[in-house]
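Input: a single structure, listed below in structure tokens.
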Amino acid sequence: MLPKVIIAIALLTALPAIAGDKDYALTVYGGYRGGGHFTNTNTGESLSLQSNGSASLALDLPLDEARQYQVFASYQRTNLTLDSTLLTGSTKLAMDIGYLHFGGSYFWEGQVSKGGYLVGGIGATMFNPAQGLKTELYPSINVGVGYQLPLGKTFAMRFEARGYATLVNSQSGVFCSGGCVVSIKGDTITQGEALLGLTARF
């Protein structure tokens, strides 16, 4: 359900955007994302997010010959490793992570449809834990670099690496529902991701 909601929000937000006679592009990505941890303020232990696969969708809207606006949505299902005192009977907490970002891309060779590019955006991160615990929403950014390889006039392959930074800035309990699973400290949660995408231009 969560990835469908993220994708729907991204598409509905982007549809009324800038109109023009230049190409739009829709990219579907598969990726592998790692990194990110919380710190237990009571024990000092690092509670890490496990590396796992991800799925993403990007809608690019024309700006000029070398730049595009972008709406980017990404989803990952992973686990947060816990110390044994936090969750009886398990040392893992299932976690859905969703990013929804608004930004753009810049192709440094001067043509949107091919070559190397920089990409980035700003928006929000949603941490959605299992077992009926509270979903947390924080502001975040992403930055990345990629290469687009044309496959004819309509399709292309994209190879990307992105980094994500989520501003938590908290020293209080998170994922609470009657009781808190994690009491954290720290300012940001960072993740890195490698992506392979198929782009369709229209």
Side-chain angles (χ1 to χ4, degrees), residues 1-36 49-78 95-126 128 139-166 190-202:
M1 182 65 182
L2 179 60
K4 293 180 180 178
V5 172
I6 294 175
I7 291 170
I9 292 173
L11 291 176
L12 289 173
T13 305
L15 286 176
I18 299 173
D21 57 1
K22 299 179 182 178
D23 287 340
Y24 293 73
L26 183 67
T27 304
V28 178
Y29 295 95
Y32 191 79
R33 187 186 305 157
L49 292 165
Q50 293 183 341
S51 300
N52 209 346
S54 62
S56 304
L57 186 71
L59 179 63
D60 295 300
L61 305 124
L63 176 57
D64 57 32
E65 290 184 354
R67 296 178 295 170
Q68 296 173 303
Y69 298 107
Q70 185 176 91
V71 181
F72 180 80
S74 186
Y75 168 80
Q76 180 190 38
R77 172 159 288 183
T78 184
M95 182 79 66
D96 292 332
I97 302 174
Y99 292 101
L100 180 60
H101 287 165
F102 303 88
S105 58
Y106 167 68
F107 286 74
W108 59 71
E109 295 180 15
Q111 186 176 349
V112 161
S113 61
K114 63 180 181 180
Y117 59 90
L118 301 174
V119 68
I122 186 170
T125 304
M126 179 167 61
N128 183 29
S140 60
I141 63 171
N142 84 81
V143 293
V145 62
Y147 187 88
Q148 180 163 314
L149 177 66
L151 303 174
K153 294 183 178 180
T154 302
F155 296 101
M157 294 294 296
R158 284 189 179 180
F159 308 89
E160 280 186 23
R162 293 198 189 220
Y164 304 87
T166 301
T190 59
Q191 291 189 291
E193 184 174 33
L195 303 106
L196 175 64
L198 178 63
T199 298
R201 300 170 61 197
F202 57 96

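None of these values were measured; they are calculated from a predicted model.
- Between Leu151 and Met157 the shortest side-chain heavy-atom distance falls below 4.5 Å.
- Formation of a donor-acceptor pair under 3.5 Å by the Gln148 side chain with backbone atoms of Tyr117 is not found in this model.
- The closest side-chain donor-acceptor pair between Glu193 and Tyr164 falls under 3.5 angstrom.
- Contact between Leu49 and Met95 at its shortest, heavy atoms only, is CD2-CG, 4.3 Å.
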Result block: side-chain N/O donor-acceptor pairs under 3.5 angstrom for residues 139-147, not counting sequence neighbours:
from	atom 1	to	atom 2	distance (Å)
Ser140	OG	His101	NE2	2.7
Ser140	OG	Thr125	N	3.4
Ser140	OG	Thr125	OG1	2.8
Asn142	OD1	Arg162	NH1	2.9
Asn142	ND2	His101	ND1	2.7

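- Expressed to the nearest 0.5 Å, how far OG1 of Thr166 lies from CD of Gln191 amounts to 7.0 Å.
- Distance CZ/Phe72 to CG/Leu59: 12.5 Å, rounded to 0.5 Å.
- Rounding to the nearest 0.5 Å places CG of Leu63 at 10.0 Å from CG of Leu61.
- The two residues Tyr29 and Gly197 have their closest heavy-atom pair at CD2-CA, 3.6 Å.
- Among the candidates Ser54, Ser56, Ser51, the single residue satisfying the side-chain contact (heavy atoms from CB on, under 4.5 Å) test with Gln76 is Ser54.
- The CG atom of Leu195 lies 13.5 Å from the OH atom of Tyr32; values are rounded to the nearest 0.5 Å.
- Shown here for Lys114 and Pro150, the closest heavy-atom pair between the two residues is CB-CG, 3.5 Å.
- With values rounded to the nearest 0.5 angstrom, Arg77 atom CZ is found 11.5 Å from Ile97 atom CD1.
- Between Gln68 and Ala25 the shortest heavy-atom distance is NE2-CB, 4.4 Å.
- A side chain to side chain donor-acceptor pair (under 3.5 Å) with Thr199 holds for exactly one of Thr154, Thr27, Asp60; it is Thr27.
- Between Ala200 and Phe155, the shortest heavy-atom distance links the atoms CB-CE2, 3.9 Å.
- Judged by distance alone, the side chains of Thr78 and Gln50 never bring a donor and an acceptor atom under 3.5 Å apart.
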